[in-house]
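What follows is one structure encoded as structure tokens, with my remarks underneath.
Along the sequence shown, residues are numbered consecutively beginning with 1.
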Amino acid sequence: MTAERRSTRCCIVGGGPCGMMLGVLLARAGVDVVVLEKYPDFFRDFRGDTIHPSTLQLLYELGWIDDFLKIPHDELTTIGASIAGQFFHVADFSKLPTHCKFIAFMPQWDFLKFLAERGSRYPTFSLAMQTEGTDLIERDGRVVGVRAMTPSGELTIDADLVVGTDGRHSTIRERAGFAVEDVGAPMDVLWMRIAKRADDPAQALGTVRNGRFLVTIDRGTYWQCAYIIAKGTFDRIKSDGLATLRANLVETLPVLADRVDELDDWSKVSMLEVRVDRLELWHRPGVLCIGDAAHAMSPIGGVGINLAVQDAVAAANLLTGPLLAGTVTDDDLAAVQARRTFPTKVTQAFQVFVQDRAVEPLLQGTAVTKPPSAIRWLDEFPYLRRFPARLLGMGARPEHIHTPNALPSAG
């Protein structure tokens with residue numbers, strides 16, 4: 001095992017959508033950037049995989065949308081829910097002022113591979129797989145680099161700026177000593193795959209029945225299922241046994257009855273701990289956190305990826321000039337937080353409202369015999385569906401590409 005040292009203008013710790021988008025945009029503008037990803041590949045099952053119109057619009061602005069949409073995906077122009085056996089329309093994306101008026105469902109690994117391929121076209125972009133950022137390097141009160149572990153040994157990266165995009169369990173935010181405000185979430189999510197038959201009827205994205213809530217995403221050959229449970233109850237559910245879980249799934253969505261026995265081992269059930277939190281301060285000299293590292297989101301609305309990508313675009317817009325000049329100040333980093341705090345708080349407030357008014361009563365056993373009035377209004381008055389579509393599809397403050405395309409790509 002040998003120690004290695006390298007230097008860069010910007011070291012991004014975390015190769016998810018936020019980190020990859022930031023890395024590609026900076027490299028496209030001529031900034032020397034290194035992205036660290038601790039895993040050997042991007043293949044992670046049960047990651048979020050909704051690419052919203054706001055993110056598709058960014059790809060359109062970059063001139064990449066046609067190539068991106070050649071990747072196998074599903075498109076959803078409206079969102080509905082089945083509540084107490086009745087279907088209701090909730091959001092209609094077809095009227096959004098965007099190039100793509102739909103949500104694209106695509107495995108996240110395909111999205112990340114696409115961004116990695118685009119990044120590889122720029123000479124200032126470097127992606128280090130199997131490289132885990134483990135600590136910050138500080139000098140005279142300023143972060144000046146990152147320590148990382150690779151299969152070959154320790155790697156030290158000197159950097160003008162370190163950006164933590166390493167998710168809700170961020171090492172960077174912990175090492176930076178950032179205080180976290182817990183907004184709260186009453187639920188966790190069980191993810192699982194269940195086979196899809198060719199003659200299966202189309203399913204509502206969300207199904208609420210008999211005090212239970214199940215989300216089904218059509219993956220072509222299987223349903224990716226998200227079963228909402230009360231926070232901290234997974235151990236009790238496991239002790240009740242898989243047979244009970246299977247019975248609850250069938251009671252919620254009877255079409256699964258002839259294949260739910262595929263869940264014959266708990267290894268086929270993945271528990272996602274839901275957290276809704278945000279940092280009080282996202283930065284200090286030499287280090288910045290964005291995306292889930294700055295604000296973990298609830299899965300409600302599937303907006304987490306897209307909010308993180310918007311953070312990346314805002315950070316690139318605001319920091320490209322200072323990075324190129326080698327003059328990044330704490331005021332520059334504060335400008336990123338100032339830009340992105342409002343949409344973060346608005347989105348989390350919406351998620352908490354839904355959690356408190358709809359999800360938590362359901363998890364406490366309240367039987368749902370009819371939908372809330374707001375859902376009925378959305379179903380009865382189609383024009384109103386544009387409002388949730390805009391919030392979910394574009395966000396409270398959609399960003400746009402303002403970074404230059406300073407270097408010709410290699411491809």
Q: Sequence neighbours left out, what passes side-chain hydrogen bond (donor to acceptor under 3.5 Å, both in side chains) with Ser54? Give chain and number order.
A: none
Which donor-acceptor pairs under 3.5 Å do the side chains of residues 252-259 make with protein atoms, sequence neighbours left out?
unit_1, atom_1, unit_2, atom_2, d
Thr252, OG1, Asn248, O, 2.8
Arg259, NH1, Ala195, O, 2.8
Arg259, NH1, Asp200, OD2, 2.9
Arg259, NH2, Asp200, OD1, 3.0
Arg259, NH2, Val255, O, 3.4

**Q.** Beyond-backbone contact of Leu391 with Val303, side-chain heavy atoms, under 4.5 angstrom
**A.** no
Q.
Salt bridge or not between Arg340 and Glu399? Use side-chain N to carboxylate O under 4.0 Å.
A. yes
(Q) Holding to ring pair (Phe, Tyr, Trp, His ring centres under 6.0 Å), I want the full list of residues that pass it with Phe213, two or more places apart in sequence or in another chain. (A) none
**Q.** Those residues that, when tested against Gln130, pass side-chain hydrogen bond (donor to acceptor under 3.5 Å, both in side chains) (two or more places apart)
**A.** none
Q.
Going by ring pair (Phe, Tyr, Trp, His ring centres under 6.0 Å), name the pairs with one or both residues in residues 321-360, residues two or more places apart or in two chains.
A. none
**Q.** For Ala316 against Thr403, the heavy-atom pair lying closest together
**A.** O-CG2, 3.4 Å
Q: For the pair Gln351 (side chain) and Gly301 (backbone), establish whether a donor and an acceptor sit closer than 3.5 Å, ignoring hydrogens and angles.
A: no
Q.
Going by the rule ring pair (Phe, Tyr, Trp, His ring centres under 6.0 Å), which residues pair with Phe111 if we only count those two or more places apart in sequence or in a different chain?
A. Phe68
Q) Between the side chain of Arg168 and the main-chain N/O of Met297, is any donor-acceptor distance below 3.5 Å? A) yes
Q: Hey, could you give me each pair passing ring pair (Phe, Tyr, Trp, His ring centres under 6.0 Å) that has a residue in residues 232-257? Not counting sequence neighbours.
A: Phe234-Trp266
**Q.** Stepwise side chain to side chain donor-acceptor pair (under 3.5 Å) check, Thr329 with Asp331
**A.** CA-CA 5 Å; Thr329 68; Asp331 287 343; 4.8 Å; no
Q | Closest contact, heavy atoms only, Ala148 versus Thr131 | A | CB-CG2, 3.8 Å
Q.
Taking side-chain hydrogen bond (donor to acceptor under 3.5 Å, both in side chains) as the definition, give me every residue that meets it alongside His99, ordered by chain and number, with sequence neighbours left out.
A. none
Q) Who passes side-chain hydrogen bond (donor to acceptor under 3.5 Å, both in side chains) against Asp264, sequence neighbours left out? A) Lys268
**Q.** Taking every non-hydrogen atom, the tightest pair across Ile300 and Val354
**A.** CD1-CG1, 3.9 Å
Q. Got a sec, which residues hit salt bridge (charged side-chain N to carboxylate O under 4.0 Å, His left out) with Glu251, two or more places apart in sequence or on another chain?
A. Arg212
Q: Applying salt bridge (charged side-chain N to carboxylate O under 4.0 Å, His left out), name anything that partners Lys238, two or more places apart in sequence or on another chain.
A: none
Q.
When you measure from the side chain of Thr165 to the backbone of Val13, do you find a donor-acceptor pair of N or O atoms at a distance under 3.5 Å?
A. yes
Q.
If the condition is side chain to side chain contact (heavy atoms under 4.5 Å, CB included), which residues does Ile217 pass it with, not counting sequence neighbours?
A. Asp49, Phe105, Trp191, Leu205, Val215, Arg219, Gln224
Q. Do side-chain atoms of Arg175 reach the backbone of Thr134 as a donor and acceptor pair under 3.5 angstrom?
A. yes
